[in-house]
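Numbers restart at 1 for each chain; the letters A, B, ... are given by sequence-line order, proteins then strands.
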4 protein chains.
Amino acid sequence: MYVAVVGPGTATEEELAVAEEIGARLASRGAVVVTGGLGGVMQAASRGAAQAGGGAVGLLPGLDRAEANQWVTIALPTGLGELRNGLVVRAADVVIAIGGAYGTLSEVALALKAGKPVVGVGTWAIEGVLAVVGPEEAVERAFAAFGQRCVPTQRP
Amino acid sequence: MYVAVVGPGTATEEELAVAEEIGARLASRGAVVVTGGLGGVMQAASRGAAQAGGGAVGLLPGLDRAEANQWVTIALPTGLGELRNGLVVRAADVVIAIGGAYGTLSEVALALKAGKPVVGVGTWAIEGVLAVVGPEEAVERAFAAFGQRCVPTQRP
Amino acid sequence: MYVAVVGPGTATEEELAVAEEIGARLASRGAVVVTGGLGGVMQAASRGAAQAGGGAVGLLPGLDRAEANQWVTIALPTGLGELRNGLVVRAADVVIAIGGAYGTLSEVALALKAGKPVVGVGTWAIEGVLAVVGPEEAVERAFAAFGQRCVPTQRP
Amino acid sequence: MYVAVVGPGTATEEELAVAEEIGARLASRGAVVVTGGLGGVMQAASRGAAQAGGGAVGLLPGLDRAEANQWVTIALPTGLGELRNGLVVRAADVVIAIGGAYGTLSEVALALKAGKPVVGVGTWAIEGVLAVVGPEEAVERAFAAFGQRCVPTQRP
């Protein structure tokens, strides 16, 4: 499972702590974390994932791999600017959104438009977003939503 | 001035009427209308613009020009799917959003992220959106916002 | 019919003259000219089209409409950098390539990959390119190739 | 170092053998292999890299991760169609091209345009491509070109 963790490049301490724990929990359960590769929530989620021994893909807005934060394990420059937000969503099976920036909102909207589950922690109250209160619930809901989507119950 | 008129492909009668009048008013004042080129709000805005003798650019999600509605005067297939929403925003100086679809929300978010004025008629109540009540006010606000942005007061 | 005229931003006098005449001939026959919107061949083709009273769409690599040359009638910033070459190809029914730059080569390759006719004037000798000697023949071949593609002879 | 291995989805036995050995040699020297994620040369290079314990990123043209070949270790749907070729190039420090398809040509052209080293094995004879005869030389040249680009000799 690939999970996009999206949120602002400039975040509060609480948002960073939430992002890092989400990254760690996702990685410890075997999910690949996908972010926009820069700072703030993107960096914290990548750090959590990398320190838990998992993969952290960073889809960068610019053309320079060096703009990736140090915790990204696969850094891919796209040169698309904010349009790389759409690639982050396309690369993901589930999106976890943290905080309230406009870029995050674009990712929430594109994910909902594409019919992908969106779990939110302190983010935009958009219909369709599964609002949760913390990292543990966020990751639980993400796995549950992915399971509901991809492993239909098989009855005899 | 290029103005993106964004809104759902399946719209209410009221939304369609609003979009058509906005397209007509924009064209009659010399603005080029940019849309996603399909039906609903996109078609209505294009019709308004074209019937007023103006230009209606359609940036299509698919690869087939034939999917453009009949009122588009310049139909450009992009093959980017929903990512063409970002191109619609980039092509615009100002965005006028109508109605409440997720695709529209992504365009509102990307425009606000890019620092472009967003005028809204019956759309998402996102901070930064200039909410108006009808077509005339929408077009007035769009021109005013563009003017504030691009024609700084020149004092002797 | 939409015809992309692709070629280098820094071109020889001969290439510029060829591009301008091609733009003029295309416009006088009702085709919309699509270019990358910048200088050199792009500017010359746009000038030819605009002076003949036709449309010249410029799909710009950057985010600033002001980078378009003055002859573009519809200027659309994409912010995609060289990836906008692919959009130029997608927007076109036929591609006319002039000169030998790498960007031009990418457009030739993407057009051939997409199965679109490519007419070449002094450009890369790639299998599949219809090599011609001048503007008149280029435009003739472009219209003929488009016709073959889109209006199959219907015989009983 | 990230190396794009580009080539046709339907390839000869020799091209496949070359691609697999290149993938293996790159991975054994610590490079990440980037491909378009589908079959043929893309699959062979990914298999070589994965079997050597390395990373094989697949940037897929469609929206479905399941279209990736089984050897891709990070599979990212882009939904951009052939425009994902440009992302493959942007993700790479060096490009190794195998065989003579049009998609490959577009990647060669975009890489040369971006000033990135292109090593070619049995591919288009385009000025700027470093033509080599086999996998070992291809990988040597790729590393040498990357070194020349990024680690200038510093002498007192």
Side-chain angles (χ1 to χ4, degrees), chain B residues 1-6 26-27 30-37 46 49-50 53-68 72-81 83-95 107 110-111 113-117 146 149-151, chain C residues 1-6 26-27 30-37 46 49-50 53-68 72-81 83-95 107 110-111 113-117 146 149-151:
Chain B
M1 185 167 76
Y2 289 66
V3 180
V5 182
V6 302
L26 287 169
V32 175
V33 170
V34 181
T35 75
S46 303
V57 176
L59 293 166
L60 300 160
L63 290 169
D64 185 0
R65 202 185 315 279
E67 71 182 343
V72 166
T73 60
I74 298 283
L76 304 173
T78 71
L80 301 182
L83 286 203
R84 72 81 158 79
N85 294 4
L87 288 185
V88 169
V89 169
R90 286 182 172 173
D93 299 305
V94 181
V95 173
E107 288 159 320
L110 288 168
K113 174 73 177 181
K116 298 191 178 184
F146 178 68
R149 242 180 129 222
C150 300
V151 193
Chain C
M1 183 167 78
Y2 289 66
V3 180
V5 182
V6 302
L26 288 169
V32 175
V33 170
V34 181
T35 75
S46 302
V57 176
L59 294 166
L60 300 160
L63 291 169
D64 184 0
R65 202 184 316 278
E67 71 182 344
V72 166
T73 60
I74 297 284
L76 304 173
T78 70
L80 301 182
L83 287 202
R84 72 81 157 80
N85 294 4
L87 288 185
V88 169
V89 169
R90 287 182 173 176
D93 299 305
V94 180
V95 173
E107 289 159 319
L110 288 167
K113 173 74 178 180
K116 297 191 178 185
F146 179 67
R149 239 178 132 225
C150 299
V151 193

Problem set entry | Any donor-acceptor pair under 3.5 Å from C/Y2 side chain to B/A75 backbone | yes
For this session: Could you name each residue pair satisfying salt bridge (Lys or Arg N to Asp or Glu O under 4.0 Å) that touches residues 83-92 of chain B, not counting sequence neighbours?
Result: none
For this session: Could you look at B/L80 and say if it's the side chain, the backbone, both or neither that has a heavy atom under 4.5 Å from chain C?
Result: both
Problem set entry | Given B/I74, B/V32, B/L76, the one that forms side chain to side chain contact (heavy atoms under 4.5 Å, CB included) with C/L76 | B/L76
For this session: Kindly write out the residues that satisfy side-chain contact (heavy atoms from CB on, under 4.5 Å) with C/A27, not counting sequence neighbours, or none if the list is empty.
Result: C/A49, C/A52
